[in-house]
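First comes the structure, then the notes that go with it.
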There are 2 protein chains.
Amino acid sequence: MKENYTIKDIAELAGVSKGTVDRVIHKRGKVSPKALEQVNKVLDKIEYKPNPIAKSLKNNKIYNIAILLPDADADPYWLPCYEAIKQIEQEFSHFGIKINKGVFKPKSTKSFTKAADLVIAEKPDAVLMVPLFYKEAEHVAKMCVAAGIKIATFNNYIKEPQINLEIGQDLFQSGRVAAKLFNMLLGNKATLAVLHIDEAFQNASHMQEKERGFKDYFAQKELAYTINVHNIKKESKIPFDQTIENFLKSLDAVDGLFVTTSKAYLLANHIAAYLPKSFIIGYDLVAENIKYLEEDKIAFLIHQDPKKQVYLSLTNLIEFFLFDKPLQESLTLPIDIINTENYPQYLN
Amino acid sequence: MKENYTIKDIAELAGVSKGTVDRVIHKRGKVSPKALEQVNKVLDKIEYKPNPIAKSLKNNKIYNIAILLPDADADPYWLPCYEAIKQIEQEFSHFGIKINKGVFKPKSTKSFTKAADLVIAEKPDAVLMVPLFYKEAEHVAKMCVAAGIKIATFNNYIKEPQINLEIGQDLFQSGRVAAKLFNMLLGNKATLAVLHIDEAFQNASHMQEKERGFKDYFAQKELAYTINVHNIKKESKIPFDQTIENFLKSLDAVDGLFVTTSKAYLLANHIAAYLPKSFIIGYDLVAENIKYLEEDKIAFLIHQDPKKQVYLSLTNLIEFFLFDKPLQESLTLPIDIINTENYPQYLN
DNA sequence: TTGTACGCGTTATCAC
DNA sequence: GTGATAACGCGTACAA
């Protein structure tokens, strides 16, 4: 009949008081067998779902969520994450949610560890982090588990079974998406280059997963593709842009270039001069990539939606704390294919 | 200093009672000039945001939202919408939200009008509809406005300035997305066919917007593309599939086919026999389209995410009623490009 | 072992 | 005009 029964309703139906019903529901004991039976009889018939609103109204506990993420000044890829945090703070300002940012330099493991230590010292209820550095992140996860702090990751993965919530993209599959796009563009035979362009290689596992998926596609379809892998890293004293140009100079002709990081723009900058007929597929809607996408120097971008990742991670944690919603252990977001015509809507 | 001031806080600061503060905030009058000034002085200094939790706890009003949408048996495209409704009902069951479905046959204006009349007769607080039939939908919108019912649309648009909330895709732009994809696949010169395949042509304006965007792209880029438009409609007594096959038989060779509806699968079924080298780009992740996508008979699909459309429409309306969040008059969702490798994540 | 009373913030009603 | 008070549903402290 009724939609939502309250504790009061149940108490009346069972002929006992609210307090007794509460004790039965929360299994606090101190209930006579008779009362227990009466209440359970009612609970069997109806479905009781406690009202989450009333619950959180009374709850004046403040939940502290720490978030460890890279500095957006160092890499604009992370900028949308900060917007998501701001949005969440506003949306949940009345629910007693505090978010504490631990910002680290994306090239420095020390900076990561320091930020983590600072943040954990305040004993938050949960830590959400970008586990850029494998070993260090594993250590943080273990520390959190030991301290009873919920631990969540986004954007990257570490193989730590105790992680409570993982949100990210299927990187292997995103490599396959890029492969399929090249396959559509180039047909059954071509020469491709996979480029891991990263100033510091902190994204090693990230990049390798994408490469694996990329190669897997062509292997599985048994296509006559030649695929060469190149690692491009900043050399001290030489500007990164110069390193890229030198690399392109020395590269044999290829039909397509797959850049596994957000640095496709560094390549696109010189593509017209050295490989005017090659297609570039890269990752991430950062401003510089969009510029070259619009100039048709980048064919496609794959969007990892960091904003959505943070937003989902945080709402999931918050609803766990406030409303006892279970944490979704692992959540894989769509792999968005971006071209000149559809990118604006993805920027919000 | 403080994050969230309560009415009680304000009352203490102003030296009046909660009741008076409430009357000032809600402009109910019956407040002396002196008290008014004292309260306003406090309100100027601090920012008062009423606690939505307490508000909705007290609020025992039930909000009725009617949703007019096509039968999913007639067209599986609408199936995800029903999932979204179920999800919303669960999520907001404690907030006094009732959703009343008015299901109509997608080929029958009478069925639409009948469902609308039934639903409006119950005087809901809002009507959310798919305005498949222009005139009839306009009429419904006007009736709602007259009756003080909030009116929202999704998936399609009507030019009725009184609509309170519109959610959908930029159809013109989605035509451009398809055009760009063909441009990437085929280079600077090709022959394309635009196919409006629809059993009843109830989507006329929908299809034309896509066609306009499609042509606009090539015109703007001044590319040497030949584009022919074909309307394919069910003829009485002849199976639709047969009509499609006859059409393909009579069609001169083309490099690509752009299907502006979700019926690309009808074409894909015969593509190997008649146009083995042509690319098909169509709309919507319905099961039959996915089948041919996987067989590489459809090159790309454009996803309109009807589930997300319904979900966003409903949450927007609900948050308007419960938390006084303003209605976003018009919201345009991303245009998702789908291939064999990324479709699973979009199906949830 | 049980029932009652209180507080969370907002709103509405009711005496004064 | 104004301030006190009840009610929403839950959790819990406390008295019986």
Side-chain angles (χ1 to χ4, degrees), chain A residues 2-40 42-43 46-63 92-97 321-325, chain B residues 2-40 42-43 46-63 92-97 321-325:
Chain A
K2 251 180 102 168
E3 284 283 311
N4 291 311
Y5 290 87
T6 70
I7 284 195
K8 199 180 154 192
D9 293 331
I10 298 169
E12 277 168 20
L13 287 169
V16 296
S17 77
K18 291 195 323 179
T20 307
V21 175
D22 183 71
R23 279 184 286 270
V24 173
I25 289 169
H26 295 93
K27 291 172 186 154
R28 285 196 238 281
K30 311 198 172 185
V31 178
S32 67
K34 194 171 130 196
L36 185 78
E37 197 208 0
Q38 284 171 314
V39 174
N40 276 330
V42 178
L43 286 176
I46 61 142
E47 196 198 3
Y48 173 68
K49 287 178 289 177
N51 187 331
I53 308 162
K55 220 179 209 167
S56 63
L57 180 63
K58 171 67 188 180
N59 200 353
N60 39 18
K61 174 166 171 40
I62 287 173
Y63 292 98
F92 291 95
S93 74
H94 284 283
F95 290 82
I97 301 293
F321 287 126
L322 294 179
F323 308 136
D324 294 319
K325 274 203 188 173
Chain B
K2 251 178 99 166
E3 285 281 313
N4 291 312
Y5 289 87
T6 70
I7 284 196
K8 199 178 154 193
D9 293 330
I10 298 169
E12 278 167 19
L13 287 169
V16 294
S17 77
K18 293 194 317 181
T20 306
V21 176
D22 181 70
R23 279 185 286 269
V24 173
I25 288 169
H26 295 92
K27 291 175 186 155
R28 284 197 240 280
K30 308 198 175 185
V31 179
S32 68
K34 196 172 126 194
L36 185 78
E37 198 209 0
Q38 285 171 313
V39 175
N40 277 330
V42 178
L43 285 176
I46 60 140
E47 196 199 6
Y48 172 68
K49 287 177 291 175
N51 186 329
I53 309 161
K55 212 178 209 167
S56 63
L57 178 65
K58 174 69 186 172
N59 196 358
N60 40 18
K61 174 165 170 42
I62 286 173
Y63 291 99
F92 291 94
S93 73
H94 285 282
F95 290 81
I97 300 292
F321 287 125
L322 294 179
F323 308 135
D324 294 316
K325 276 203 189 174

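For clarity, every value in this text was computed on a predicted model and none was experimentally measured.
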For this session: Let me know the distance between NZ of A:Lys58 and P of C:dG7, rounded to the nearest Å.
Result: 8 Å
Exercise. What nucleotide among D:dG3, C:dT10, D:dT2 has an atom nearest to a side-chain atom of B:Ala35?
Worked result: D:dT2
For this session: Determine the contact category for A:Asn51: base if any of its heavy atoms lies under 4.0 Å from a base atom, sugar-phosphate if only primed atoms, P, OP1 or OP2 are that close, otherwise nothing.
Result: sugar-phosphate
For this session: Between B:Ser17 and B:Asn59, name the one whose nearest nucleotide on DNA chain D is closer to the 5' end.
Result: B:Ser17
Exercise. Of the nucleotides C:dC8, D:dC8, C:dC6, which one has an atom closest to the side chain of A:Lys8?
Worked result: D:dC8
Problem set entry | Protein-nucleotide distance (B:Asp324, atom CG; C:dT11, atom C1'), rounded to Å | 13 Å
For this session: Start with the C-alpha distance between B:Leu43 and B:Ile25, add both sets of side-chain angles, then the distance that settles side chain to side chain contact (heavy atoms under 4.5 Å, CB included), and finish with yes or no.
Result: CA-CA 9 Å; B:Leu43 285 176; B:Ile25 288 169; 4.2 Å; yes
Exercise. Reckon B:Ser32 has a side-chain N or O less than 4.0 Å from the OP1 or OP2 of D:dT2?
Worked result: yes
For this session: Have a look at A:Lys55 and say if it touches a base, only the backbone sugar-phosphate, or nothing, with a 4.0 Å heavy-atom cut-off.
Result: sugar-phosphate
For this session: Please confirm whether the backbone N or O of A:Ser93 pairs with a side-chain atom of B:Asn4, one donor and one acceptor, at under 3.5 Å?
Result: yes
Problem set entry | Distance-minimising heavy-atom pair for A:Ala11 and A:Lys18 | CB-N, 3.6 Å
For this session: For C:dT11, take OP1 and OP2 only and decide whether either is under 4.0 Å from a side-chain N or O of B:His26.
Result: yes
For this session: Report the distance from atom CZ of B:Phe95 to atom P of D:dC8, rounded to the nearest whole Å.
Result: 18 Å
Exercise. Does D:dC10 have OP1 or OP2 sitting under 4.0 Å from an N or O in the side chain of A:Tyr5?
Worked result: no
For this session: Measure the distance from CZ on A:Phe323 to C1' on D:dC10 and round it to the nearest whole Å.
Result: 13 Å
For this session: Could you tell me how the ring of B:Tyr63 sits relative to the ring of B:Phe321: parallel (under 30°), tilted (30 to 60°) or perpendicular (over 60°)?
Result: parallel
Problem set entry | Nearest listed nucleotide, side chain of B:Asp22, among D:dG11, C:dA12, C:dC8 | C:dA12
Exercise. When we call it a touch if two heavy atoms are under 4.0 Å apart, what does A:Ile7 touch: a base, just sugar-phosphate, or nothing?
Worked result: sugar-phosphate
Seminar exercise, completed: Separation of D:dG1 atom P from B:Leu36 atom CG, nearest Å, is 12 Å
For this session: Establish whether the base of D:dG3 is bridged to the side chain of B:Arg23 by a donor-acceptor pair shorter than 3.5 Å.
Result: yes
For this session: Consider the side chain of A:Lys18, meaning its heavy atoms from C-beta on, and name the nucleotide among C:dT10, D:dC8, C:dA5 that approaches it most closely.
Result: C:dA5
Exercise. Are a donor atom and an acceptor atom from the side chains of B:Asp9 and B:Thr6 found within less than 3.5 Å of each other?
Worked result: yes
Exercise. Base, sugar-phosphate alone, or nothing: which one does B:Ala11 contact when heavy atoms must sit under 4.0 Å apart?
Worked result: nothing
Seminar exercise, completed: Taking for B:Lys34 and for B:Ala54 the nucleotide of DNA chain D with the nearest heavy atom, the one nearer the 5' end belongs to B:Lys34
For this session: Identify which nucleotide among D:dG11, C:dG9, C:dT11 has an atom closest to any side-chain atom of A:Arg28, counting heavy atoms from C-beta outward.
Result: D:dG11
Problem set entry | C:dG3 phosphate, OP1 or OP2, under 4.0 Å from A:Thr20 side-chain N/O | yes
Problem set entry | Rounded distance (Å) that lies between atom P of C:dC8 and atom CG of B:Asn4 | 15 Å
Exercise. Counting only heavy atoms not in A:Lys61, do more than 12 sit closer than 6.0 Å to its NZ atom?
Worked result: yes
For this session: Nearest whole angstrom, please: distance from the P of C:dT11 to the CG of B:Leu322.
Result: 13 Å
For this session: In whole angstrom, give the distance that lies between atom NZ of A:Lys30 and atom P of C:dG3.
Result: 15 Å
